[in-house]
Asker: 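Below is a structure I'd like to ask you about.
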Amino acid sequence: LVTASPKKFVEEMDTTVAGQGLDLVGYYPAALSLRSVLRSLPSPGEQVVLLVADAETGLMQVIGRSTGQVLFYRTLGASEGRGAEGVQREIRRTLLFAEQKLNAKISTIYTSGTSSTTLLQGLSGADGLQVFSAAVNVDPALYLRSITALKSNSTENILPTSISQRGVRRRLRLAINLILGT
């Protein structure tokens, strides 16, 4: 959990949500939202690719396969402020990470969204890289639709079960008390 965000932040978020009479049931990496985009890519399923998608004011970099499998993800904040050269340098770092840590030589990059397409135009052809536009355009609604389809007991939920299942346990205790009381 600490690698996704500090535990203290999650606990404070839980306290805030509970203060409103609600249960915090899920906390998911935004990269999971891009599985549908990965599935739409025309690359062979076993080929590892880099998907670079617009994410608010930054870029979401997802190393994965067209089967929808996410191998690694990284968010690059304030991407337009870095300029094309700065973003391309960060993309090369991600590609080097994939080669060194995942043993995956990536030669195909897909972009999704106006910002990512504009900032990565100069990479096509350099160092044997091919840059293509993905078939699906990423927008904020795509992230929201994808995450709302996930369940609280999903393995992708990085929220501790002590928090995510609190409401389920409370309803179960209530049901047992109702049964025992009758």
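Any value given below was found using the heavy atoms of this structure, including those in side chains, with hydrogens, waters and symmetry copies removed.
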Asker: Given 3.5 Å as the limit, does a donor-acceptor pair link the side chain of Ser66 with the main chain of Arg39, or not?
Answerer: no

Asker: Please report the shortest heavy-atom distance between Ser33 and Ser36, naming the atom on each side.
Answerer: O-OG, 3.7 Å

Asker: Can you find a pair of side-chain heavy atoms, one from Leu76 and one from Met60, that are under 4.5 Å apart?
Answerer: no

Asker: Taking Gln88 for its side chain and Leu119 for its backbone only, find out whether a donor-acceptor pair lies under 3.5 Å.
Answerer: yes

Asker: What's the separation between atom CD in Glu99 and atom OG1 in Thr94, rounded to the nearest 0.5 Å?
Answerer: 13.0 Å

Asker: Tell me if the CD atom of Gln69 is crowded by more than 12 foreign heavy atoms within 6.0 Å.
Answerer: yes

Asker: Evaluate the side-chain proximity of Leu50 to Tyr110: yes if any heavy-atom separation is below 4.5 Å, no if none is.
Answerer: no

Asker: Is Lys8 paired with Glu11 through a side-chain N to carboxylate O contact shorter than 4.0 Å?
Answerer: no

Asker: Going through the checks in order, is the side-chain contact (heavy atoms from CB on, under 4.5 Å) test met by Leu24 and Thr16?
Answerer: CA-CA 9 Å; Leu24 180 61; Thr16 301; over 6 Å; no

Asker: Within a strict 4.5 Å, meaning less than it, do heavy atoms of the Leu102 and Phe72 side chains meet?
Answerer: yes

Asker: Assess the residue pair Thr108 and Ser43 against the criterion (side-chain contact (heavy atoms from CB on, under 4.5 Å)); give the C-alpha distance rounded to whole Å, side-chain angles, the decisive distance to 0.1 Å, and a yes or no.
Answerer: CA-CA 9 Å; Thr108 306; Ser43 64; 5.7 Å; no

Asker: Please check if the side chain of Ser116 supplies one atom and the backbone of Gly113 the other of a donor-acceptor pair under 3.5 Å.
Answerer: yes

Asker: Does the side chain of Val10 come within less than 4.5 Å of Tyr27's, by heavy atoms?
Answerer: yes

Asker: Working note: Leu38 + Thr67, criterion side-chain contact (heavy atoms from CB on, under 4.5 Å); need CA distance, chi angles, decisive distance, verdict.
Answerer: CA-CA 7 Å; Leu38 283 170; Thr67 59; over 6 Å; no

Asker: Check the hydrophobic clustering (I, L, V, M, F, W, Y; side-chain heavy atoms under 4.5 Å; chains of links allowed) and say if Leu96 and Ile91 are grouped together.
Answerer: no

Asker: Starting at OG of Ser133, measure out to CD1 of Ile109 and round the result to the nearest 0.5 Å.
Answerer: 13.0 Å

Asker: Check whether any side-chain heavy atom of Val70 lies under 4.5 Å from a side-chain heavy atom of Leu34, and answer yes or no.
Answerer: no

Asker: Quick one: are Arg74 and Glu90 in side-chain contact, heavy atoms under 4.5 Å?
Answerer: yes

Asker: Say whether, by atom type as modelled, one donor and one acceptor occur between the side chain of Arg65 and the main chain of Pro44 under 3.5 angstrom.
Answerer: no

Asker: Could you state the interatomic distance from CG (Leu129) to CD1 (Ile106), rounded to the nearest 0.5 Å?
Answerer: 9.5 Å

Asker: Spell out, as yes or no, whether a donor-acceptor pair under 3.5 Å connects the side chain of Ser112 to the backbone of Val136.
Answerer: yes

Asker: Between atom CG of Leu95 and atom CD of Gln100, what is the distance when rounded to the nearest 0.5 Å?
Answerer: 11.5 Å

Asker: Roughly how far, to the nearest 0.5 Å, is CG of Asp54 from OG of Ser115?
Answerer: 5.0 Å

Asker: Just wondering, do Thr75 and Gln61 contact through their side chains at under 4.5 Å, heavy atoms?
Answerer: no

Asker: Rounded at 0.5 Å granularity, tell me how far CG in Leu41 sits from CZ in Phe132.
Answerer: 11.0 Å

